[in-house]
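Below: the structure, in structure tokens.
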Protein chains: 2
Amino acid sequence: MSAVSTTRAAFSSTPSTGVRSETVRSANLAIILRELHFHGPASRSELVARTGLTRSAIGALVGELVKADLVSEQRAASDGSPGRPSPVAAPVVERNVTLAVDVAVDSLAVAAVGLGGVVLHAERVDRPRERVAVDATIDDIVAMVRRVEAALDPGCRIIGIGVGVVGLVNRTDNSVSIAPNLGWHDVAFGARLQHALGSRADVLVSNDADLAALAEVRRGVAAGIRDVLYVWGEVGVGGGLVSRGEPITGAAGFAGEIGHVPVNPDGRPCRCGSVGCWETEVGEGALLERSGRSPEGGRDAVDALLADADAGVPSALDALAVQARWLGIGIAGLINVMNPSMVVLGGLLGRVHPYVSDQVTAEIERRALESSRRGVVVVPSALGGDAPLMGAAELAFERLLADPLGTLRKVSTSR
Amino acid sequence: MSAVSTTRAAFSSTPSTGVRSETVRSANLAIILRELHFHGPASRSELVARTGLTRSAIGALVGELVKADLVSEQRAASDGSPGRPSPVAAPVVERNVTLAVDVAVDSLAVAAVGLGGVVLHAERVDRPRERVAVDATIDDIVAMVRRVEAALDPGCRIIGIGVGVVGLVNRTDNSVSIAPNLGWHDVAFGARLQHALGSRADVLVSNDADLAALAEVRRGVAAGIRDVLYVWGEVGVGGGLVSRGEPITGAAGFAGEIGHVPVNPDGRPCRCGSVGCWETEVGEGALLERSGRSPEGGRDAVDALLADADAGVPSALDALAVQARWLGIGIAGLINVMNPSMVVLGGLLGRVHPYVSDQVTAEIERRALESSRRGVVVVPSALGGDAPLMGAAELAFERLLADPLGTLRKVSTSR
DNA sequence: GACGTTTGTCGGCGAAGATGACAAACTGAC
DNA sequence: GTCAGTTTGTCATCTTCGCCGACAAACGTC
């Protein structure tokens, strides 16, 4: 019956392709690799229990993964239980690597992440305003990638390259439609970066808030939770919606722009051209302005504001209270839309969480339907500012995890 | 390679169960039955082309479905093309039936729908306010079901029973959490109806707006479209969100309550306890009130209002213009959240579509991000008031379509 | 009526997982 | 230290399922 439910989720609607026998192999290899990637090393017998497959099947499957150098097996550490010890299968971290890139407003980051989600090397550099142009960005990324690659195991394979960008990203062609904070507009960023890097592995580009959500659902506070609302706020406010454990991308990948939901018809004009967007009430600018600071103050001003709040300065506390109210209003609406079981606040909103949490909860209780909000918890991000970077790595792993051997064939031949 | 993408969508995230050989059979049977259910009769060679399976596989699979009396094969009508004609496989409509029930505010409907989506019998009765209680509703449904069943083919199987209710429905236990318009609160409606019907087939309960969305995506204007925002408005406003062809249900099935997104913090109180919900601006009551009518006027008042609009009466046109503006504001926000490729207006909102369409589009252009709204069309529902009923039938078919033979075994033995 | 074309059918093949017997490896008690 | 008990890996065999290729059937055309 569990097989039935798998099938159900699997080959759901619309005319899909027929399933061949080989698909079974590929799917089972994928399941095992996913298990190891997300939950760490596991003994063969654990794998048997979790997948419902037989010992022989697991043996053959793990063997194949070992042969492909995706998995290594070690003798079990004897844990005191009776019976023959089961060898532990672990992902081969150092030789199966993705490159993650985060193009943020005022910084650039590159990381090499090994299978299993281990960060092997990471670099983040602040960058001045004049290095924000597309060409300069690509040059800087290439230089950082070269440095990071130099430190990697010489025998390692680059499985994929994931890139997060502060802006609207078209997932169908990896282009950046618009990135107001960078001044980019209709840039074929994925293709250009791929070319500049010498096209070794596929470059996949996505919105950084979406990636932060992905990271948080895969490895952060929301690990294992199937319906999650992730709210990422810095200068702008974005979000990632996760339903049934899968990110909602929308038709072209633009879904999750929750910062531009109209919440206040009499509100301020938004840089998107509309009026009263949620972002104009809960973004960094609004918070700073309400506390009497310049909305352009940036990170330093936020730090000062939070320090004031800790010290009990009324203007800071008031600004945070107003922020909390609008935050709660917007989240309540999204809870009604999505019925998540967890709301995660990331970026700046993760930092203000301790100051606003009570009032946000109160506002949710006032405005979200009792049924929809039952059991919802609002928590701060666990991964902090590196969430988009970690999400980019996961994005790049996705292909390998879906079809391990098939992907590997392509990766190996492409070098 | 298409096999890869299937796999990807299929066994995607989180530790799923291992896949056995039999899963393949079950999945392929499901694919063929889905194809016939949604796209109507198809020749064997068409099935070969669409699934990518071989002639022998299709032959065996169709044969098995024929043996199970789910599919019948007829000699092809010779269409003038050379070559041996391919027999046409068609769903066996009359012998594989679901019962669909719609519990609306002022009416009750029951239908028998055959495989392929053919309505075999349908009944809808208006009902007075005093028959709204749970027990009376169940009695009425049972009586209607008996009448409908009497007209069915004696050899037919009841695959499942789908029920749509105007209210918040917990999908995990088929209970109605709250249905303000019916005065229901925490009713184990699914279980009680199942018991009253003598528990022949499984009863599945869902929100009527969600079901309307399902129907519209399966067989209505949105057929084949993968990302759809369905907005259902009558007295209240609900919605169905469809992402990648699958309805978004949320953690407990409450997702889609888009009527309670806060859009106007200074607005009127909503019956949900909040203030300025979208529903208070675009629901039937608001429309009627703005035109100078009683908000309780119901269907007759709406008819009169639309007649006035046709005649060019200013108060009616003004009321519709305000309605259009708020409609556009809300839809724009949801477009930013979901990035759908189609927006469908159902119920009352489907009726007002011709009057508000231009202004809604204008408001969307003003408020939704250019990328997110690119290519979005706003269309009225194709199925009208029967959409929830049709959706209920589809809900009941879902299990059969996911695992044809397995479901049939349970259904047959349960009689 | 012969020919070309398209399609169903059937037997054989290979891949994948299940099954069950047996061996291996570890714990713990005497 | 040995032996029973337990758990697990391995191997040979079986079943299921789809693919492949050969052949026959059914149709249109000339």
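The figures that follow rest on heavy atoms only: side chains count, while hydrogens, waters and symmetry mates do not. Computed from a predicted model, the values in this text were never measured in an experiment.
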Next item on the list: If a protein heavy atom is under 4.0 Å from the base, mark B; if only from the sugar-phosphate, S; if neither, -; do that for nucleotides 12-23 of chain C going 5' to 3'.
Entry: ----SSSB---B
Margin query: Contact list please: residues 40-49 of chain A against DNA chain D, heavy atoms, distance less than 4.0 Å, in numerical order.
Written below: R44(A), S45(A)
Notebook entry, point to check: Under the side-chain hydrogen bond (donor to acceptor under 3.5 Å, both in side chains) test, which residues partner H121(B), sequence neighbours left out?
Noted result: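 Here no residue qualifies.
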Next item on the list: Could you tell me which residues satisfy side-chain hydrogen bond (donor to acceptor under 3.5 Å, both in side chains) with S341(B), sequence neighbours excluded, listed by chain and number?
Entry: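 Scan of S341(B) (side-chain hydrogen bond (donor to acceptor under 3.5 Å, both in side chains), adjacent residues dropped) gives none.
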Margin query: Run the salt bridge (Lys or Arg N to Asp or Glu O under 4.0 Å) test against D153(A) and tell me which residues pass, sequence neighbours left out.
Written below: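 Listed in chain order: nothing, the list is empty.
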Determine the minimum heavy-atom distance between [X] and [Y], stating which atoms define it.
X	Y	result
V228(B)	A222(B)	CG2-CB, 3.9 Å
S86(B)	S45(B)	OG-N, 3.0 Å
V203(A)	N174(A)	O-ND2, 3.5 Å
L70(A)	L115(A)	O-CD2, 3.5 Å

Note to self: Could you check whether any side-chain N or O of E216(B) sits under 3.5 Å from a backbone N or O of A382(B), counting only pairs where one atom can act as donor and the other as acceptor?
What the structure shows: yes
Notebook entry, point to check: Rounded to the nearest 0.5 Å, how far does CD of Q194(B) lie from CG of L204(B)?
Noted result: 8.5 Å
Checklist line | Length of the CD-P vector between Q74(A) and dT8(D), whole Å | finding: 18 Å
Check: Rounded to the nearest Å, what distance is computed from the CD1 atom of residue I58(B) to the C1' atom of nucleotide dC17(D)?
Finding: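 Atom CD1 in I58(B) sits about 13 Å away from atom C1' in dC17(D).
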Margin query: Whether the E394(A) and H37(A) side chains hold a donor-acceptor pair (N or O, under 3.5 Å, no angle test) is what I'd like checked.
Written below: yes
Notebook entry, point to check: Which angle, to the nearest 10 degrees, lies between the helix axes at the two ends of the helix from dG1(C)-dC30(D) to dC30(C)-dG1(D), each defined by five pairs?
Noted result: 0°
